[in-house]
Each structure stands twice: as C-alpha cells, then as structure tokens.
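Right, one structure below, let's go through it.
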Amino acid sequence: MGFIVLALAIGFAMGAGVFWWRGRERAQQVRATAGSGTHTPDLAADRLRDFSNAAFDWWWEMDRDLRFTYLSDRFEKVFGIPPASVIGRRRTDLNRADYEDPKWTAHLADLEARRPFRNFQTTFVDADGKTRHVAISGTPFHDPDGRFAGYRGVGFDQTETREQQAALAEKAAVLEAVFRHVDQGVALLDADLKVLACNDRLLELLDLPKERFGPGSRFDVIVRHLASQGEYGQDEKEREAMVAERLRMARERAEISHERTRPNGMVLQIRARPLPEGRMILTYTDITEIKRRDAVLHQAQKMEAMGQLTGGIAHDFNNLLTVIIGGVSDLQPMLPPDSAARRLAGMIEHAANRGSELTGRLLAFSRQQELNPRDFDLNQMVTQMSGMIRRVIGSAITVQTDLSPDPAIVHADPAQCETALLNLVINARDAMPQGGLLTIATRREMDHGVLIVRDTGHGMTREVLERLVEPFFTTKQQSGGTGLGLSMVYGYARQSGGDLRVASEPGAGAEVSIRLPLQGRAGSALALAGR
C-alpha cells in the first residue's frame, strides 16, 4: 500500500512539473510576441487599414442604422468623392441611376432581414457625374451580446470591365453580321476537323441541307456527302481518289487555293488556310460570273486583234485586186471578142471581183469598211426581200414573218443590212436540210430596232457559240463555207453602233438578232461603240 501511494505521488509531481514547464514556455512566447508588437491592437488596426487602402476594392462598414462608419481610401480614388463626405449617410442617400430597378427592392429586403449578400450589381454617380457600375458584397456583424451591429463589406468598380465587354460585344456583333451575310461561304474547322462555325452561304453554295450539316459536322462526312452527289465526277475510282486527296490536304493543314466547277456549272474558288491551335478556315467564292466576264473580255480582245490583222490584210489585198481589175478592164478591149484570151480575161475579172467582195466582208468584220448609213424601216426591208428569200430558202422550208406593229426605223447602211439578212437566212437554211420553219421578225426595244432570224434546225453547242463570229470558222464542211458570213454580220452591227446576239441549243434551233440604233439614236450608239 505504501508503495502505491509513493508511486502516485511521484507521478503527480512529474505531471505538475511538465505542466509548469510548458506553461512557462508559452508565457515566454507570449511575452516575446507582445514585446515585438506584432499583435498589439493598434498595430493590427494599422495593418488592416493599410491593407484596405492598398486593395483594388474599397472596404466599407455601416452601423445598425445602415449609415456608413468607414470607407477606405480606394473609394475616393474610384469616385473622386472624399470618404468623410459619405460617413454618416445611408446608401440610399447617394446618387444612383438604378433606384427604379426591381433588384433594388430585393436588395433592401436583404438589408432589412440582415442577410449577407454577394456581388450586388448597382450603379453609383461619381464626382464628374459619370455613372459607374459597381458590385458590392457585405456580411452582417454583431456586438458581444449577439445583437446586430451593422454590415462590413467590399465594393468593386466594374465600369471599365463593362465598357470593354460592351465594346467586345459590339465587335462580336459586327463580325457575326459579316460572317452571316458575306457573299462567301465560310467554315471554321477545329483540330479534329470538325466544323466549329459555318455560315448559311456555305450550305447554299454546296447544296448542303441545313438540317444535316452545320457546327459539329465532321469534314470527312461533308466531303463524302458531296462525292455521293456527283461533286467530284461519276467515275467511282476517280471520285474516291479525289476524296482521299482532299482529306489528306485537310489533315496536313495545307494552304490551298484552287477552282472547281460544280455539276450545276457554278465555278467555285476554294481557299484553305491553317490557323493556330490546329484550326483551319475554308472559304468558298462563287466566281461563275467573273469567269464569264473574263471569257467575254478574252473573246473581245481576240476578235479585236483578229479584226486589226484582217483589216490590214484586206486593205493590202484590195489594193492588189484594184490593179488586177483595172489591168483586165484595160486589156479586154484589146482582145478579139470571141478569142480564148478574151474569155480568160473575163474569168480573171470575175474572180477579181469575187475577191473584192471577200475583202469587203473582211473590212466589215474589222470595222474599217466605209458604211453609208441612212434611216430606213426594217419592216419595209423585210417585206421587199420576202420574194428573194423564198427563192433562196427553197420549198422544203416554210417562211413566215412577224413584223413590229410600229415602224422600226433604224439608222444604218441598208445595203449591208440586206446582205446581213441574206447571210442569216442562208445559215438558217443550211441548218434545216430536212426542212423546217424560218421566222423573220422585227421589234422595237428601247433605243434599238431588232431584226430577228429564227430557225428550227439542229442548233449549236456551247463550243460552237463561243467561236461563232470568228472569221474563217465554219461548221459547213460539205458546202465549203468561208466562215465569214456571221463575222461580217457582227462587224456590220458593231460598226453601226449596235450588236449581234445569238441564242441556240443543240436540237432546239437558233435565234440570231441584229440590234441597230433607232432613228435619232445613232449618235449616242456610235459613241458607245467607240467609233
């Protein structure tokens, strides 16, 4: 028993010693800390004040009556208003621009219920009268007895952020409008070749159904769909090769620019350009009309060059023919009337005159022939030539006229117009070897009188139409046509201040229209023609 008591006494003494030692050590730490001043009330307050004034937000405090008791210096830097002028006032006493907003009613209810709030969006009018957007957060605090003592919180000026967001939103809206309404088809692909964005114009140009394709679609699915619609031809092997090539270029993010003619005849210019982060932008531009205008310009330049060449040759050749015709005319009276030499001279004169007619056609094509324009009625000219036209056309072809109810009086060379009409009639006859219907019509259209020759023959292909007025181009292999008939008609129409129009399809006949300036309109028409 004594041993047990002794053991307990020793244990108690040791525990008390340890407790005393630790207490002494803790007391020394507290004294050291207090001596350094790190936890004195005044220094803690100073630190709190410095932190609040250095913060980007401003700090605030209100009492139980919701009157400001503290505002950090940041408040004045943001709004230009000294905190002292706000102390003692309620928030509802300050100038704002949104007191009528329903959100203020909800906020006041939070204050009355002493509930904390976070990021309450409101406005405040600064010293310069500018409305600034702010976000305020606050939490209630209580006195030692647990009674509500007020609110403490922070405020953050969002004005610049709001302005930047508004500017970005406006730019985004502009870019969105451009993206949606630009005449190009545009697609943005991500690193996995999925469509991030595309506009309606792209779907329209490629005939892609909107309900199936759009953002989220895979590029390879789109390409294969286009291939299935005949976009890359009808040959299966060739089609698969083209699909594989397009997918390869897309995977390699190749920068490309090429043209493709769609099955419907539309010509697309397709460009691909890689972007950062593995993305790629594709643009599709309809250049069909540009290509058509380029072809027309190329044809006009070619015709102009051929016209200049033809005109120079015709002038020189005509000079030679003039000498030949003059020499033969002087030689014939010197030869016996029934001699072989006289007959030979006659043949030479006849051939030279034919050559002179040919050079006349060449000069008309090159717009260098002297015309003798005057006013004449197209209706009257057609009526006068009807008998000759029927003899030329033959009995297998029916001829009908469709004349303008009003006189179609034009200002041009009537003799050349008769020759042009005869050329068109012969061409129509040759296009209907098995017979058909020939219609000769006249019209008044704006500033022009129009002479129209329409047939029901075999028609012409697009390739033939493109070369139709080239000199020496002819499809009359058997009859040996010179290929100067339509070129002469074209040259006459253009030199007169008008033009020539041809419409035809294989198996559907042809319609050729000569447009000549109406009486009193010739001056402006010739000026436009560049005479």
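Keep in mind that what you see is a predicted model, and the values were worked out from it rather than measured.
- The structure places CD1 of Ile256 at 12.0 Å from CZ of Arg273, a figure rounded to the nearest 0.5 Å.
- In this structure the side chain of Arg253 never reaches within 4.5 angstrom of the side chain of Leu275, judged on heavy atoms.
- Side chains of Thr439 and Asp402: no donor on one and acceptor on the other come within 3.5 Å.
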Notebook entry, point to check: Taking it one step at a time, do His225 and Phe213 satisfy ring pair (Phe, Tyr, Trp, His ring centres under 6.0 Å)?
Noted result: CA-CA 10 Å; His225 170 79; Phe213 298 100; 4.9 Å; yes
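- No salt bridge links Arg279 with Asp190; every basic N to acidic carboxylate O contact stays at or beyond 4.0 Å.
- With Thr456 contributing its side chain and Leu437 its backbone, the two residues share a donor-acceptor pair below 3.5 Å.
- Of the N and O atoms on the side chains of Asp406 and Ser404, not one donor lies less than 3.5 Å from an acceptor on the other residue.
- Using a 4.5 Å cut-off on side-chain heavy atoms (C-beta onward), Tyr232 and Arg246 make contact.
- Taken to the nearest 0.5 Å, the CD1 atom of Ile222 stands 10.5 Å off from the CZ atom of Arg212.
- Between the side chains of Thr285 and Gln184, a donor-acceptor pair is found at a separation under 3.5 Å.
- Contact detail for Cys417 and Leu378: the closest heavy-atom pair is SG-CD2, 4.1 Å.
- The heavy-atom pair separating Leu516 from Ser496 by the smallest distance is CD2-CB, 3.9 Å.
- Around the CD atom of Glu160, the shell of radius 6.0 Å holds no more than 12 heavy atoms that belong to other residues, nucleotides or ligands.
- Side-chain contact between Met385 and Ile440 is absent, with no heavy-atom pair separated by less than 4.5 Å.
- By the 4.5 Å heavy-atom criterion applied to side chains, Val382 and Thr442 are counted as neighbours.
- Looking at Thr383, its side chain does come within 3.5 Å of a backbone N or O of Asn379 through a donor-acceptor pair.
- Ion pairing of Arg292 with Asp294 is absent here, as no side-chain N (NZ or NE/NH1/NH2) approaches a carboxylate O to less than 4.0 Å.
- Separation of atoms CG (Leu188) and CG (Leu202) is listed at 11.5 Å; rounding is to 0.5 Å.
- Between Leu518 and Gly449, the shortest heavy-atom contact is CD2-N, 3.5 Å.
- Ionic pairing of Glu511 and Arg501 is not present here: no N-O contact between side-chain nitrogen and carboxylate oxygen is shorter than 4.0 angstrom.
- Listed for the Arg390 side chain is no donor-acceptor partner under 3.5 Å among the backbone atoms of Thr398.
- By the 4.5 Å heavy-atom criterion applied to side chains, Leu208 and Leu226 are counted as neighbours.
- The 12-atom threshold is not exceeded at CG of Asp338, counting heavy atoms of other residues, nucleotides or ligands nearer than 6.0 Å.
- A donor-acceptor pair is defined here as one N or O able to donate and one able to accept, closer than 3.5 Å; such a pair exists between the side chain of Ser504 and the backbone of Gly509.
- Taking both residues in full, the closest heavy atoms of Leu196 and Pro215 are given as O-CB, 3.7 Å, listed atom of the first, atom of the second, then distance.
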Margin query: Using the rule given for side-chain contact (heavy atoms from CB on, under 4.5 Å), can you reason through Phe219 versus Val195, listing the C-alpha separation, both sets of side-chain angles and the distance that settles it, and then say yes or no?
Written below: CA-CA 7 Å; Phe219 181 68; Val195 178; 5.8 Å; no
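- Not one N or O on the side chain of Thr131 forms a donor-acceptor pair closer than 3.5 Å with the backbone of Val125.
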Note to self: Leu282 vs Val186, test: side-chain contact (heavy atoms from CB on, under 4.5 Å). Steps then yes/no.
What the structure shows: CA-CA 6 Å; Leu282 304 175; Val186 184; over 6 Å; no
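- Here the CG-CG distance, from Leu451 to Leu424, works out to 7.0 Å after rounding to the nearest 0.5 Å.
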Next item on the list: Quick one: do Ile514 and Leu421 satisfy side-chain contact (heavy atoms from CB on, under 4.5 Å)? Show the steps, please.
Entry: CA-CA 9 Å; Ile514 303 175; Leu421 175 58; 5.9 Å; no
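- With sequence neighbours excluded, the residues that form a side-chain hydrogen bond (donor to acceptor under 3.5 Å, both in side chains) with Ser257 are Arg271.
- Ile409 places none of its side-chain heavy atoms less than 4.5 Å from the side chain of Phe376.
- Checked for salt-bridge contact, Arg224 and Glu240 meet the test: a charged N lies under 4.0 Å from a carboxylate O.
- The main-chain N or O of Ser513 is never found under 3.5 Å from a side-chain atom of Arg515 such that the two would form a donor-acceptor pair.
- You'll find the side chain of Thr123 stays beyond 4.5 Å of the side chain of Val134, heavy atoms only.
- Under a 4.0 Å N-O distance rule, the pair Asp499/Arg494 does not qualify as a salt bridge.
- More than 12 heavy atoms of other shown residues, nucleotides or ligands fall within 6.0 angstrom of atom CD in Glu245.
- By the neighbour-count criterion of 12 heavy atoms within 6.0 Å, atom CD of Glu252 is densely surrounded, having more than that number from other residues, nucleotides or ligands.
- Counting non-hydrogen atoms of neighbouring residues, nucleotides and ligands closer than 6.0 angstrom, the CD atom of Gln400 exceeds 12 such neighbours.
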Next item on the list: Mind running side-chain contact (heavy atoms from CB on, under 4.5 Å) on Ile270 and Glu259 for me, showing each step along the way?
Entry: CA-CA 6 Å; Ile270 304 171; Glu259 297 174 4; over 6 Å; no
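- Side-chain contact, Arg162 with Gln121: a donor N or O sits under 3.5 Å from an acceptor N or O.
- Side-chain atoms of Asp286 do not come within 3.5 Å of backbone N or O of Leu268 as any donor-acceptor pair.
- Between the NE2 atom of His133 and the OG1 atom of Thr159 there is a distance of 6.0 Å, given to the nearest 0.5 Å.
- Residues Asp192 and Arg218 are not paired through a salt bridge, judged by the lack of any N-O separation under 4.0 Å between the basic side chain and the carboxylate.
- A salt bridge links Arg260 with Glu231: the closest approach of a Lys/Arg side-chain nitrogen to an acidic carboxylate oxygen falls below 4.0 angstrom.
- The shortest heavy-atom contact between Gly185 and Asn199 is CA-OD1, 3.6 Å.
- Going from atom CG of Asp157 over to atom CZ of Arg132 covers 4.5 Å, rounded to the nearest 0.5 Å.
- Arg342 approaches Pro336 most closely through the heavy-atom pair CB-O, 3.1 Å.
- Counting only distance, with no hydrogens or angles, the side chain of Asp128 and the backbone of Lys130 share no donor-acceptor pair below 3.5 Å.
- Counting only heavy atoms from C-beta outward, the side chains of Arg201 and Val182 never approach each other to under 4.5 Å.
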